[in-house]
Amino acid sequence: MTPMAPAGRSMFRAAMDAVLDAWLWEVENQAAHRVPDPVDYLEMRRVTFGSPMTASPARMAHMDVVPEAVYESAAMQSLEAAAFDCSALMNDVYSYQKEVEYEGELLNMLVVTETFFGCDYPTALGVVNDLMTSRMKQFEHVLADEFPVMYRDFGLDAAARAALDRYAEELKQWMAGIATWHAQTRRYREEDLKRHHARRTGAVVAAAPGALPRAPHRAGWG
């Protein structure tokens with residue numbers, strides 16, 4: 001097995017540190033029975049879901065041909081953030097019954113939406129579904145319209161462009177794999193929840209009122 005290059009180890013370590021810090025943020029909010037506002041939650045959720053850590057191996061495969069500055073560009077950050085948001089929000093939808101109804105968790109986008117807007121579950125589900133759809137459309141828009149401009153702006157050669165095209169495909173496969181796992185796993189099936197979990201409730205502290213803002217476009221690598 002080929003050892004990971006120093007640059008790759010550094011990137012993976014930074015992503016892992018960001019995930020651990022984000023999990024601590026989750027624990028602190030849960031301990032305080034505090035529901036964060038939608039902006040803070042969504043920005044942190046793409047990290048607590050582990051997205052930078054699990055996507056980092058795909059980046060490593062292209063480090064020798066893609067300049068680091070490209071990954072800091074607005075187009076790349078927007079593409080990654082959109083992919084990370086779609087997958088993290090999908091997890092929140094699938095895990096709601098298990099983690100909220102059975103385990104009393106508060107850190108879930110549906111709970112955040114219910115609390116922020118003072119709405120019921122079906123309404124919150126519709127809002128989150130619309131947000132997931134908008135984030136996927138953003139992913140498609142960046143790939144179709146902003147990537148070609150980024151290629152020209154950075155003067156990327158054919159090898160770098162091909163590597164970034166592969167990276168975009170790998171993000172698509174990453175999202176598809178997450179969707180398939182959620183559709184097939186027994187982790188969130190009601191019959192299994194009834195067998196393994198006792199129902200409980202917890203206090204919820206409402207966030208300040210306001211409108212759900214546009215999702216942030218930084219990917220949250222650290």
Side-chain angles (χ1 to χ4, degrees), residues 1-26 42-92 94-95 132 135-185 187 215-222:
M1 180 179 295
T2 303
M4 187 181 295
R9 290 199 300 270
S10 177
M11 182 179 67
F12 188 82
R13 170 64 183 268
M16 187 70 252
D17 286 346
V19 171
L20 292 174
D21 287 342
W23 287 346
L24 180 59
W25 175 85
E26 279 192 318
L42 188 60
E43 194 164 63
M44 293 299 291
R45 185 68 179 106
R46 62 178 65 123
V47 186
T48 62
F49 189 59
S51 302
M53 180 183 64
T54 57
S56 61
R59 270 199 184 193
M60 293 177 197
H62 315 304
M63 293 180 74
D64 57 335
V65 294
V66 178
E68 181 61 28
V70 172
Y71 288 108
E72 296 301 319
S73 68
M76 182 60 72
Q77 288 287 322
S78 184
L79 185 83
E80 291 177 333
F84 295 172
D85 288 348
C86 283
S87 298
L89 292 172
M90 182 190 308
N91 177 261
D92 281 5
Y94 272 93
S95 67
M132 291 172 62
R135 301 305 283 139
M136 181 56 71
K137 289 181 178 178
Q138 176 70 11
F139 182 92
E140 294 170 343
H141 162 74
V142 172
L143 198 54
D145 299 329
E146 296 185 20
F147 257 42
V149 176
M150 180 184 71
Y151 290 171
R152 292 195 299 270
D153 288 347
F154 280 93
L156 299 178
D157 60 20
R161 295 184 182 205
L164 289 171
D165 287 344
R166 288 195 302 273
Y167 181 56
E169 287 300 314
E170 288 160 354
L171 284 176
K172 291 179 184 178
Q173 293 170 12
W174 179 80
M175 288 188 285
I178 290 170
T180 299
W181 182 84
H182 280 87
Q184 296 180 356
T185 183
R187 179 178 175 84
H217 287 279
R218 294 289 297 180
W221 285 88

Point-to-point distance, once rounded to the nearest 0.5 Å, from OG1 of T180 to CD of Q173 = 11.0 Å

Is any NZ, NE, NH1 or NH2 atom of the basic residue among R13 and D17 found under 4.0 Å from an Asp or Glu carboxylate oxygen of the other?
-> yes

Correct closest heavy-atom pair for A55 and Y167 would be O-CE1, 4.5 Å

Between W174 and F84, does the ring centre distance come in under 6.0 Å?
-> yes

Write down the atom of V65, the atom of A163, and the distance for their closest heavy-atom approach.
-> CG2-CB, 3.6 Å

From CA spacing to verdict: side-chain contact (heavy atoms from CB on, under 4.5 Å), F139, L171 | CA-CA 10 Å; F139 182 92; L171 284 176; 4.2 Å; yes

4.5 Å side-chain heavy-atom contact, L164 and M76 | yes

Within the distance-only criterion (no hydrogens, no angle test), does the side chain of S56 pair as donor or acceptor with the backbone N or O of M53 below 3.5 angstrom?
-> yes

May I ask you to test the S51-D85 pair for a side-chain heavy-atom distance under 4.5 Å?
-> no

Is the closest basic N to carboxylate O distance between E169 and K172 below 4.0 Å?
-> yes

Where the side chain of T185 meets the backbone of H182, is there a donor-acceptor pair that is under 3.5 Å apart?
-> no

Are any of the side-chain heavy atoms of R59 and E170 separated by less than 4.5 Å?
-> no

From CA spacing to verdict: side-chain contact (heavy atoms from CB on, under 4.5 Å), W181, M90 = CA-CA 11 Å; W181 182 84; M90 182 190 308; over 6 Å; no

What's the spacing between M150 CE and L79 CG if we round to 0.5 Å?
-> 8.0 Å

Closest non-hydrogen atom pair between L143 and P148, with its separation = O-CD, 3.9 Å

Separation of R187 CZ from S95 OG (nearest 0.5 Å) = 8.0 Å

Contacts of D157 meeting side-chain contact (heavy atoms from CB on, under 4.5 Å) (sequence neighbours excluded), chain-then-number -> A159, A160

Kindly say whether A74 contributes a backbone atom to a donor-acceptor pair with the side chain of S78 at under 3.5 angstrom?
-> no

Separation between CE (M136) and CD (Q138), nearest 0.5 Å, reads 11.5 Å

side-chain hydrogen bond (donor to acceptor under 3.5 Å, both in side chains) evaluation trace for R45 with T48 = CA-CA 5 Å; R45 185 68 179 106; T48 62; 3.1 Å; yes

Dump the intermediate steps for side-chain contact (heavy atoms from CB on, under 4.5 Å) on Y94 and I178, then the final yes or no.
-> CA-CA 11 Å; Y94 272 93; I178 290 170; over 6 Å; no

If you measure from CG on D165 to CZ on F147, what distance do you get to the nearest 0.5 Å?
-> 8.0 Å

Shortest non-hydrogen contact from M132 to C86?
-> O-SG, 3.6 Å

Pair Y71-M63, side-chain contact (heavy atoms from CB on, under 4.5 Å): steps then yes or no = CA-CA 10 Å; Y71 288 108; M63 293 180 74; 5.7 Å; no

